[in-house]
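See below for the structure under consideration.
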Amino acid sequence: MRLQVFLSHNGVSSRREAMDIIKAGRVKVNGCVVREPSTDVIGTEHVTVDNCPVETKQYTYLMLHKPAGYTTTKDDPHAEKTVMELLPKNLHHLSPVGRLDRETEGLLLFTNDGTWAQEIMHPKFHLDKTYLARMEGQLKDAEEKKLEAGIALRGEQTLPCRIFDVHYNGTETQATITIQEGRKRQVRMMFQSVGHRVVYLKRLAVGKLQLGDLKLGQWRELKKTDV
Ligand code: URA
């Protein structure tokens with residue numbers, strides 16, 4: 001991690017202020033003044049600002065199998081039930097990473113590591129998010145191709161995506177869709193745009209992280225390799 005990010009990560013200052021602090025020669029790494037904000041640190045170094053040690057924060061990462069009916073929010077007085085109610089009190093300092101609609105189930109990540117959360121969510125990092133969707137009617141090949149190529153949603157084009165494992169049972173279509181964005185109600189709106197109301201939606205995976213056999217309403221801490 002860059003020294004500038006390390007300082008802001010650990011609550012010393014904003015990133016911009018960290019740059020000034022470093023350039024002013026106020027930061028030492030293992031006893032030596034470092035004036036280059038992009039210097040790499042791995043976290044085991046002794047870093048000081050004005051000779052005061054910088055305490056490294058403990059980060060926690062977990063995944064929840066969110067049931068339908070819970071609002072993704074830390075604190076919304078209007079929400080009937082929130083995802084925080086599914087975590088024990090000692091984990092209430094964590095925040096959800098992105099959001100799932102109230103009626104969507106599936107994999108929801110939590111952390112107190114803001115930089116990691118941003119990397120998971122931001123489309124520029126091209127992290128796949130995979131959903132299982134059931135919708136009214138039959139999704140036709142041409143509709144599938146159209147969605148995969150990208151459509152205008154609220155005036156902005158969606159990135160190309162993949163739709164696979166499509167099955168029609170005579171009334172509903174079940175399909176798996178992988179997108180790299182996380183726009184509000186994106187999957188529902190994409191299928192709706194070609195005439196199919198989504199009646200069930202579950203996020204199965206974020207990047208390589210899968211729900212696996214985690215039961216509905218349960219959570220688990222991520223392993224180092226997961227993170
Ligand atoms: N897309 C949606 O439409 N809803 C979600 O909850 C997540 C992705």
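Remember, it's 1-based here, ligands and their atoms both numbered in the order they're listed.
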(message) Checking side chain to side chain contact (heavy atoms under 4.5 Å, CB included) between V83 and each of L108, T71, L100, which is the one that passes?
(response) L108

(request) Would you please name every residue forming a salt bridge (charged side-chain N to carboxylate O under 4.0 Å, His left out) with D113, sequence neighbours left out? (result) none

Would you tabulate the polar-atom pairs, meaning N/O of ligand 1 against N/O of the protein, with distances under 3.5 Å, reported to 0.1 Å?
from, atom 1, to, atom 2, distance (Å)
ligand 1, 1 (N), V187, N, 3.1
ligand 1, 3 (O), R185, O, 3.2
ligand 1, 3 (O), Q186, N, 3.3
ligand 1, 3 (O), V187, N, 3.2
ligand 1, 3 (O), R188, N, 3.0
ligand 1, 4 (N), D101, OD2, 2.7
ligand 1, 6 (O), D101, N, 2.8
ligand 1, 6 (O), D101, OD2, 3.4
ligand 1, 6 (O), T104, OG1, 2.9

(message) Any side-chain to backbone donor/acceptor pair from R183 onto L153? Under 3.5 Å, distance only.
(response)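 Yes; at least one donor-acceptor contact below 3.5 Å.
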
(message) Going by the rule side chain to side chain donor-acceptor pair (under 3.5 Å), which residues pair with K28 if we only count those two or more places apart in sequence or in a different chain?
(response)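 Applying side chain to side chain donor-acceptor pair (under 3.5 Å) to K28 gives N51.
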
(message) With ring-ring contact (aromatic ring centres under 6.0 Å, His included) as the rule and sequence neighbours excluded, what pairs involving residues 42-89 come up?
(response)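 Residue pairs with at least one partner in residues 42-89: H9-Y59, Y61-W116.
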
(request) With salt bridge (charged side-chain N to carboxylate O under 4.0 Å, His left out) as the test, would you mind laying out the steps for R220 and D226 before giving the verdict? (result) CA-CA 11 Å; R220 75 162 174 88; D226 291 334; 3.0 Å; yes

